[in-house]
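Got a structure for you, questions after.
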Amino acid sequence: MANMLPTLSPSRTTCASLLRELQILWDEIGESDSDRDKTLLQLEQECLDIYRKRVEKTRKYKADLHQSLAEAEAEINNIASALGEHAFFSRGRGTLKEQISAVKPILAELRSKKRERVKEFSEIQTQVVQICAEIAGNGEPNISSDPQVSESDLTVKKLGELKSHLQELQNEKIFRLLKVNSHIDAVHELAAVLSIDSCKTLNEVHYSLTDPSGSQLKSISNNTLARLTGLIHSLRQEKQQRLQKLHNLGRTLVELWNVMGTSVDEQKGFEHVTSLISSSVNEVSRQGCLALDVIEKTGLEVERLSVLKATKMKELVFKRQNELEEIYRGVHIDVDGDAARQILISLIDSGNVDLSDLLSNMEDQIAKAKDQALSRKDILDKVEKWRYATKEEKWLEEYQRDENRYSSGRGAHKNLKRAEKARNLVSKIPSVCENLTAKVKAWEMEKGTPFLYDKETILCSLEEYIVLRQERQEEKRKFREQRRLQEQLAAEQEAHFGLRPTPKKPLGQSTNVNTMVGTPTGRRLATPSGHRGISAGKEHKESGRVNNIVTENYVALPKNDSVSRAS
């Protein structure tokens, strides 16, 4: 037991203590020196191998630290370059671990900035991709995975450009959305006027345009806008075509009403149609006014009235003929109505003429007759004035031949007033005739045809009247001269014989009192000039001449001053 080796605690065990313990064990075993040397050499070699491996491992660790430091520096430079920043850092002095510890916070900060910048780029690019997909009409974009962000350029400038691009896309989206909404409103308005289902029509363009909840994003793609534009164009063309149909039907309806003499109550049922006749396509906005059933109903009414018109066309033709004759009679144009009716009957019975065309032709004749009547109106007014003046002139002559016109009988004062007005009117006859003649000649020169009044030429009637009037004026003048001579002879006889013959009434003189209404005022009574007759009688007596020429049939009539003035 005395040879047992002392046990050593592990904390105190060293290579020397182990070598001493090994020597003791060899001594007890009896190992030879050569074996001992060989074993020690092996132990030394094994220790060298262990140290060599440790050194190699440590050298590699150092290289790894250098590599990590270099990689950190490179990453710092790359991140700073991508972010558009300048990296201000230095390794400093000290061990490798101290240098790496100094670089780590800088690298962590740059990595955090990079992550934030990449996230910002990713969010903006996601919106860009989504809006581009909406504009392209590719449906919902795949936003489950973030878009790939190029980390080589994460500068603020690049981010600003991307934001500017996003803003442009957002503005484009807003503009397109407004345009889509405007197109939708236009479709609703046109559909309301045409009375068609706007929702069904819009759904055929894109299902998102009729989402009642509004949760569905409206399609703003080029295809949707193009289809909406085409839809509006087609609806406007349909509106134009329907309005044109109603215009034609409405005009035909009004013509048929006028021809058929349709009552106002019957016309009220289609006032919504006739009110559109003068409306343009942009002015028509009343709901359902261009519906197909409205056009169909109007067309049926036109067909019904057309059939009714055909059954009454003959009656209408003769009615227009009567209207035409009435217009001509109203302006004193002679027409052969019987011959015209015979011609119309022959045309209608032959069946070789379209009654509508015949009626239209008569409408044209009526329009021409109205124009002709209008062109004659001024002359006819003057003719009526002239004819009235001649009637008054004739009445005045008869009135002046009445010896009892100044009697106090009933109605005498009215005749006096009428005579006064008649004299004023008669005094204007020459100017009236002159003016009328000038008007008629101008009219005939313009129209190239004579102006007829009840088959007679007005100019011939005027010339004949003027000649007759001049002859009457000449007769009146001769009669006044004869009366003057008679009065002169009567005065001479009275002076010679002391007697005055009683004037006798001329043959054919009326003794009836004229009771027609009218009054000649301002008339001077012309009595026989007795003084002049007496002086003339004295002159004859002194000369010894006795003139016994006495006309028994003379009448001393009062002098007509107005007639004298007119002559």
Side-chain angles (χ1 to χ4, degrees), residues 45-178 217 219-223:
Q45 186 62 41
E46 289 177 359
C47 288
L48 286 174
D49 291 338
I50 291 171
Y51 276 106
R52 187 178 294 111
K53 288 180 180 180
R54 175 60 63 182
V55 169
E56 289 296 329
K57 184 177 180 180
T58 304
R59 186 179 290 114
K60 183 179 179 182
Y61 178 61
K62 176 184 176 183
D64 290 341
L65 290 178
H66 275 291
Q67 181 68 26
S68 297
L69 185 59
E71 289 177 355
E73 291 178 351
E75 186 177 357
I76 288 173
N77 290 327
N78 291 335
I79 294 175
S81 176
L83 296 176
E85 298 179 357
H86 297 285
F88 297 101
F89 74 96
S90 62
R91 294 185 180 182
R93 295 179 181 180
T95 64
L96 290 175
K97 288 186 177 181
E98 289 176 351
Q99 292 179 16
I100 290 175
S101 298
V103 169
K104 279 184 177 180
I106 297 173
L107 182 59
E109 182 180 359
L110 288 175
R111 284 176 176 172
S112 176
K113 285 185 178 181
K114 179 180 178 181
R115 284 193 298 272
E116 293 296 328
R117 188 67 56 82
V118 168
K119 181 180 179 182
E120 194 170 1
F121 267 85
S122 178
E123 292 175 351
I124 295 175
Q125 285 185 353
T126 300
Q127 297 181 51
V128 168
V129 170
Q130 183 177 1
I131 296 176
C132 288
E134 292 179 14
I135 293 175
N138 296 330
E140 293 293 333
N142 185 13
I143 57 175
S144 59
S145 60
D146 294 335
Q148 295 296 326
V149 179
S150 176
E151 297 183 1
S152 62
D153 189 358
L154 300 174
T155 61
V156 176
K157 179 181 178 181
K158 183 67 175 180
L159 182 62
E161 293 176 355
L162 190 60
K163 287 182 177 179
S164 177
H165 180 53
L166 175 61
Q167 185 64 45
E168 292 177 358
L169 290 175
Q170 289 174 340
N171 293 337
E172 176 69 14
K173 178 179 178 179
I174 293 173
F175 172 75
R176 286 171 174 260
L177 188 59
L178 291 174
L217 292 176
S219 174
I220 58 173
S221 65
N222 293 331
N223 182 48

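Everything numeric in this text was worked out from a predicted model, so none of it was measured. Just so you know, residue 1 is the first one in the sequence shown, and it goes up from there.
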Under a 3.5 Å cutoff, is there a donor and acceptor pairing between the side chains of Asn77 and Glu73?
no
Lys57 and Arg54, any side-chain heavy atoms less than 4.5 Å apart = yes
List in chain and number order the residues that pass side chain to side chain donor-acceptor pair (under 3.5 Å) with Glu75, two or more places apart in sequence or in another chain; answer none if no residue qualifies.
->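 Scan of Glu75 (side chain to side chain donor-acceptor pair (under 3.5 Å), adjacent residues dropped) gives Arg111.
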Donor-acceptor pair, distance only, cut-off 3.5 Å: does the side chain of Ser122 make one with the backbone of Val118?
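Here the side-chain-to-backbone pair does not exist.
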So CG of Asn78 and CG of Leu83: to nearest 0.5 Å the spacing works out to 10.5 Å
Less than 4.0 Å between a side-chain N and a carboxylate O, is that true for Arg176 and Glu172?
-> yes
CD1 (Ile50) and CD (Glu46) are apart, to the nearest 0.5 Å, by 7.0 Å
- Task: In sequence, state the C-alpha distance, the side-chain angles, and the governing distance for Ile100 and Lys104, and then conclude on side chain to side chain contact (heavy atoms under 4.5 Å, CB included).
- Result: CA-CA 6 Å; Ile100 290 175; Lys104 279 184 177 180; 3.7 Å; yes
Interatomic distance, CG@Asn222 vs CD1@Ile135, rounded to 0.5 Å, equals 7.5 Å
### Query
Regarding Gln127 and Glu123, is there a side-chain donor-to-acceptor distance under 3.5 Å anywhere?
no
| Can you name the nearest heavy-atom pair linking Phe121 to Leu162, along with the distance? |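 In terms of heavy atoms, the two residues are closest at CD2-CD2, 3.7 Å.
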| Side chain of Ser164, backbone of Gly160: donor and acceptor closer than 3.5 Å? | no
Ala136 and Ser221 have their tightest heavy-atom pair at C-CB, 4.1 Å
Within a strict 4.5 Å, meaning less than it, do heavy atoms of the Ile79 and Lys113 side chains meet? no
When rounded to the nearest 0.5 Å, the distance separating CD1 of Ile124 from CD of Glu161 is 11.5 Å
Got a salt bridge between Glu56 and Arg59, using NZ or NE/NH1/NH2 to carboxylate O under 4.0 Å? yes
Q: Return the minimal non-hydrogen interatomic distance between Ala72 and Val103, and the atom names on each side.
A: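 Ala72 and Val103 have their closest heavy atoms at CB-CG1, 3.6 Å.
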OG/Ser219 to CG/Leu177 distance, rounded to the nearest 0.5 angstrom?
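Reported to 0.5 Å precision, the distance equals 10.5 Å.
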Is the shortest heavy-atom distance from the side chain of Ile131 to the side chain of Leu166 under 4.5 Å?
yes
So NE2 of His165 and CD of Gln170: to nearest 0.5 Å the spacing works out to 11.0 Å
For Arg117, the side chain to side chain donor-acceptor pair (under 3.5 Å) test, sequence neighbours excluded, returns none
Query raised in the report: Nearest heavy-atom pair of Pro105 and Ser101: which atoms, and what distance?
Result: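 Where Pro105 meets Ser101 most closely, the heavy atoms are CD-O, 3.1 Å.
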As a quick check of understanding, evaluate side chain to side chain contact (heavy atoms under 4.5 Å, CB included) for Lys119 and Arg115, giving each step before the final call. CA-CA 6 Å; Lys119 181 180 179 182; Arg115 284 193 298 272; over 6 Å; no
